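Reminder, nothing fancy here: chain letters follow the sequence lines and each chain counts from 1. None of the values given here were measured: they were computed from a predicted structure.
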Amino acid sequence: MSAVQTGEIITFFILAPLAVIGALGMVLARNAVHSALWLILTMLSLGVFYIVQAGPFIGMVQIIVYTGAIMMLFLFVLMLVGRDASDSVIETLRGQKVVGTLLGVGLAGLMATGIYQATRDYTVVGLEAANKDGNVQGLAKLIFTNYVFAFEVTSALLITAAVGAMILAHQEKSGVKAVGQVAKMRERFLPGNYPGPKPGPGVFATSNSVATPAKLPDGNPSQRSISPILPTRELTAAEKADKPTLTGGA
Amino acid sequence: MVKLPPMDYAAIMPLLILFGAACLGVLIEAFVPRRARNITQLLFSLAAVIAAMVFVVKRAGNVTAANAITAGGAITIDKAALFLQGSLLVLAFVSLLIFGERTLEQGGAFVAQAAVTVGSEKDKEQAAKSLGSTEVYPLALFSLAGMLLFVAANDLLTMFVALEVFSLPLYLLCALARRKRLLSQEAALKYFLLGAYASAFFLFGVALVYGYAKAVDFASIHTAAAVGAGNITLLITGLGLLAIGLLFKVAAAPFHVWTPDVYQGAPTPVTAFMAACTKAAAFGGLIRVLYVGFDGLGWQFTPVLGAIAALTVMVGAVLAVTQTDLKRLLAYSSVANAGYLLIGVLAGGQLGLQSVLFYLVAYGLTVIAAFALITLVRDADGEATHLSRWAGLGARSPLFAGIFTFLLLAFAGIPLTSGFMAKLSVFGAAVDGGQTWLVIFGVISSIILAFPYLRVVVMMWLSEPGESTPSVSLPGVLTSTALGVGTIATLVLGVAPGLLLDLADKAAAFIR
């Protein structure tokens with residue numbers, strides 16, 4: 001049973017390259033939706049590996065929960081956020097991609113050789129004992145005996161995640177409050193408020209943009225005359241200079 | 001037939017109380033009117049922490065080797081676990097007081113709706129008017145419960161679940177600052193991404209250790225390591241990866257890079273909570289892994305962890321010198337302190353364990369008081385944490401500048417403060433345990449680290465207050481209590497440390 005069978009070898013060598021290609025594709029794909037689809041390929045391959053290695057339950061969970069539910073959630077989120085929300089490609093640390101890749105490859109190489117060295121002359125034991133009453137039953141027994149506390153505590157994790165999603169994403173609707181005339185009047189004459197109408201934006205011979213501030217009597221631009229969300233249009237020196245009509249003609 | 005394993009409910013009661021209270025806290029959010037929520041949540045959380053503490057104290061008298069392990073072997077409530085749980089509860093109680101402060105600022109230190117775009121009209125409105133969010137209390141309780149489980153976990157799987165349970169709420173709490181919200185969100189994102197990465201290393205390590213020991217509980221790992229059958233590479237690789245996950249949480253170099261950004265960006269009450277409680281929990285987990293599961297591998301891990309400890313104390317101290325922001329300065333100081341604690345861990349034996357337990361409590365109380373004081377020094381934009389702003393504070397407010405000076409002296413390890421006693425016990429244990437070279441690094445680092453502390457002291461007292469010197473707000477009763485408890489504990493533990501040292505000595509025993 002523990003000897004590796006031909007079918008397993010064939011499955012492995014077909015799916016392992018696919019899994020690696022999927023992983024690479026996920027990292028390299030420019031489009032977020034394509035990334036997610038590549039990831040699905042990797043996850044499906046992993047699911048098959050688990051099943052082949054006599055872990056049908058974890059294999060099915062991998063396919064149903066990860067590939068099915070979580071990836072669909074990913075896609076929904078991408079759909080809502082908009083898939084063209086592109087990343088900034090400016091590197092704040094120069095050369096970090098190269099260094100990161102080198103270090104990553106180095107770590108992967110180190111781990112792979114280490115694990116290969118360590119497990120080379122291991123004989124696989126205990127699979128029959130673990131799956132004696134069936135794979136699912138064996139897992140269930142462990143979950144509800146030795147690890148029952150850890151299993152229950154994961155619910156705290158789920159509650160935290162739900163509360164967290166709500167805190168970080170939920171905005172209360174600011175309902176339009178009915179305001180009476182008296183309250184409005186009081187608010188208008190509160191200290192710090194300017195009760196009169198605001199000046200309109202500057203309309204000059206040279207510019208009639210709403211982003212051009214009106215000029216105060218002393219020649220300074222009035223910030224009150226433009227909407228706060230508009231960037232102030234800088235006036236050129238020629239525009240700023242007093243017009244000939246003001247200086248008595250030239 | 002599968003039967004539920006016997007549960008010692010008296011032993012796990014503190015955990016059940018905290019998890020239950022956190023769940024009820026979520027319901028309070030739903031049913032209590034907004035105005036009354038903060039006070040309700042605060043009192044409820046404090047009551048839960050006190051109730052948990054009662055059960056911890058009740059349990060402390062009757063721990064035996066026979067009744068320590070419960071819940072199907074998943075949890076060990078031994079004396080060390082009880083000591084750590086008790087200290088976590090005390091530290092969390094004091095930090096929760098700062099969470100509840102509302103007199104310094106309308107709505108407290110937390111933003112009401114984190115989803116509102118930073119800088120928008122709605123954001124300005126909520127900064128001026130809204131009450132702070134009160135979901136922070138259940139989140140803090142979840143985190144605390146996870147920490148209590150983390151220090152008592154008897155197998156690596158339970159430990160991993162506990163690690164996630166205490167980390168996830170912290171990531172969220174970091175994002176909820178009322179002022180400087182972009183910094184806060186950046187901090188949360190960094191902490192989350194790096195934390196998730198570190199958790200993956202931890203999990204990978206668990207898998208490898210399971211491959212060697214054929215079990216994940218510490219007793220089996222200990223036995224398997226003692227027998228030493230087969231190729232031990234797997235076990236050592238596994239331990240290395242586990243250590244990465246744990247060293248990330250304690251903020252040891254080179255896994256410390258998140259610390260300054262997160263400490264600076266997080267709301268200051270959360271920073272206080274993290275600096276004290278996360279450190280205690282993570283070291284609790286680390287000593288359990290090293291002392292209970294992998295004690296047979298001391299020869300293998302001591303040199304590596306020793307190098308990390310030496311690196312940590314030096315990196316923390318040297319980078320602290322270059323800081324211009326007080327929260328970042330304290331963050332690097334916390335990195336250096338993680339190094340000192342690591343020296344204590346490597347000292348080994350009863351003495352090493354005792355010194356680490358003492359250090360965690362002493363440092364935790366001091367650091368909470370320091371962050372409580374930082375919440376007081378404010379200007380129109382919130383807390384004024386830039387170092388130059390603190391110049392001349394001594395003339396403005398001699399009392400608070402005096403307290404802060406005292407706390408900084410405690411960090412620097414000047415006699416008559418708890419910092420001195422803590423460092424003395426850690427270094428003494430390390431010399432005793434044959435790690436004198438680490439003590440040399442520790443002492444050099446302490447000398448370097450004294451410089452930035454003293455620079456702050458000099459700035460506060462010897463500079464003239466200028467135009468931009470912020471005022472020190474008068475704290476409400478909650479912050480005053482936290483500040484008072486932290487300061488008095490720093491003094492008392494420095495003058496008469498005997499009681500806590502005895503307690504730590506009695507508690508310094510793991511049950512396998």
Side-chain angles (χ1 to χ4, degrees), chain A residues 93 100 103-104 107-108 110-127 129-130 133 136-174 192 227-229, chain B residues 2-5 7 12 15 19 22-23 26 29 70-75 112-116 121-122 125 133 135-136 138-139 142-143 145-146 149 153 155 157-162 164-165 168-169 171-172 175-176 185 188 204 208 211-212 214 217 230-237 240-241:
Chain A
L93 297 171
L103 287 179
L107 179 70
L110 199 66
M111 298 292 306
T113 19
I115 294 172
Y116 174 70
Q117 287 290 340
T119 54
R120 198 168 37 169
D121 27 275
Y122 264 44
T123 44
V124 181
V125 291
L127 185 63
D133 303 326
V136 182
Q137 286 83 347
L139 269 174
K141 193 163 170 249
L142 278 179
I143 289 177
F144 290 108
T145 55
N146 289 10
Y147 302 109
V148 67
F149 202 81
F151 177 68
E152 295 293 340
V153 165
T154 44
S155 61
L157 216 50
L158 294 180
I159 297 175
T160 310
V163 172
M166 214 180 61
I167 293 181
L168 293 187
H170 174 69
Q171 284 195 37
E172 277 170 31
K173 285 217 177 65
S174 51
S227 164
I229 58 168
Chain B
V2 176
K3 271 180 67 182
L4 197 68
M7 297 266 175
I12 58 172
L15 287 168
F19 278 123
C23 293
V26 177
E29 272 313 301
T70 182
I75 299 175
Q113 295 180 46
V116 174
E121 280 295 314
K122 213 172 165 189
E125 195 179 321
S133 69
E135 284 92 348
V136 292
L139 287 178
F142 270 128
S143 181
L149 179 61
D155 64 57
L157 262 184
T158 310
M159 200 171 218
F160 176 72
V161 173
E164 291 303 306
V165 169
L168 197 59
Y171 304 146
L172 290 166
L176 299 180
Q185 290 172 359
F204 201 2
L208 295 188
Y212 182 82
K214 303 180 186 66
D217 64 296
N231 195 336
I232 205 159
T233 319
L234 206 54
L235 189 62
I236 293 177
T237 320
L241 293 174

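Contact of B/Thr237 with chain A is made through the side chain alone, with heavy-atom distances under 4.5 Å. Residue B/Ile75 touches chain A through its side chain alone, counting heavy-atom pairs closer than 4.5 Å. For B/Val26, the part sitting under 4.5 Å from any heavy atom of chain A is the side chain, from C-beta outward, and nothing else. Only the side chain of B/Leu149 comes within less than 4.5 Å of a heavy atom of chain A; its backbone N, CA, C and O stay farther away. With a threshold of 4.5 angstrom between heavy atoms, B/Ile236 does not approach chain A through any atom at all. With a 4.5 angstrom heavy-atom cutoff, B/Met7 touches chain A only via side-chain atoms. For chain A, the nearby part of B/Lys3 is the backbone; its heavy atoms alone come within less than 4.5 Å. Only the side chain of B/Leu139 comes within contact range of chain A, judged by heavy atoms closer than 4.5 Å. With a 4.5 Å cut-off on non-hydrogen atoms, B/Asp217 does not touch chain A at all. Heavy atoms closer than 4.5 Å to chain A are found in both the backbone and the side chain of B/Tyr212.
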Exercise. Checking side-chain contact (heavy atoms from CB on, under 4.5 Å) for the pair B/Thr233/A/Arg120: CA distance, chi angles, key distance, verdict?
Worked result: CA-CA 11 Å; B/Thr233 319; A/Arg120 198 168 37 169; over 6 Å; no
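Within the model, atoms CG of B/Leu234 and CD of A/Gln117 stand 12.0 Å from one another, a figure rounded to the nearest 0.5 Å. Note: B/Ser133 OG to A/Met166 CE = 10.0 Å, rounded to the nearest 0.5 Å.
Side-chain contact check for A/Val163 versus B/Glu29: every heavy-atom pair is 4.5 Å or farther apart.
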Please set out all donor-acceptor pairs under 3.5 angstrom arising from side-chain atoms of residues 143-160 of chain A, sequence neighbours excluded.
{"unit_1": "A/Thr145", "atom_1": "OG1", "unit_2": "A/Lys141", "atom_2": "O", "d": "2.6"}
{"unit_1": "A/Thr154", "atom_1": "OG1", "unit_2": "A/Phe151", "atom_2": "O", "d": "2.3"}
{"unit_1": "A/Ser155", "atom_1": "OG", "unit_2": "A/Glu152", "atom_2": "O", "d": "2.4"}
{"unit_1": "A/Thr160", "atom_1": "OG1", "unit_2": "A/Ala156", "atom_2": "O", "d": "2.6"}

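Every residue two or more places apart in sequence or in another chain that forms a side-chain hydrogen bond (donor to acceptor under 3.5 Å, both in side chains) with A/Gln171 is listed here: B/Lys122.
When each of B/Glu164, B/Gln113, B/Met159, B/Lys214 is scored by its heavy-atom pairs under 4.5 Å with chain A, the top score falls to B/Gln113. Contact count versus chain A (heavy atoms, under 4.5 Å) is highest, among B/Phe19, B/Phe142, B/Phe204, B/Phe160, for B/Phe142.
When every heavy atom of B/Ala175 is checked against every heavy atom of A/Leu168, the shortest pair comes out as CB-CD2, 4.0 Å.
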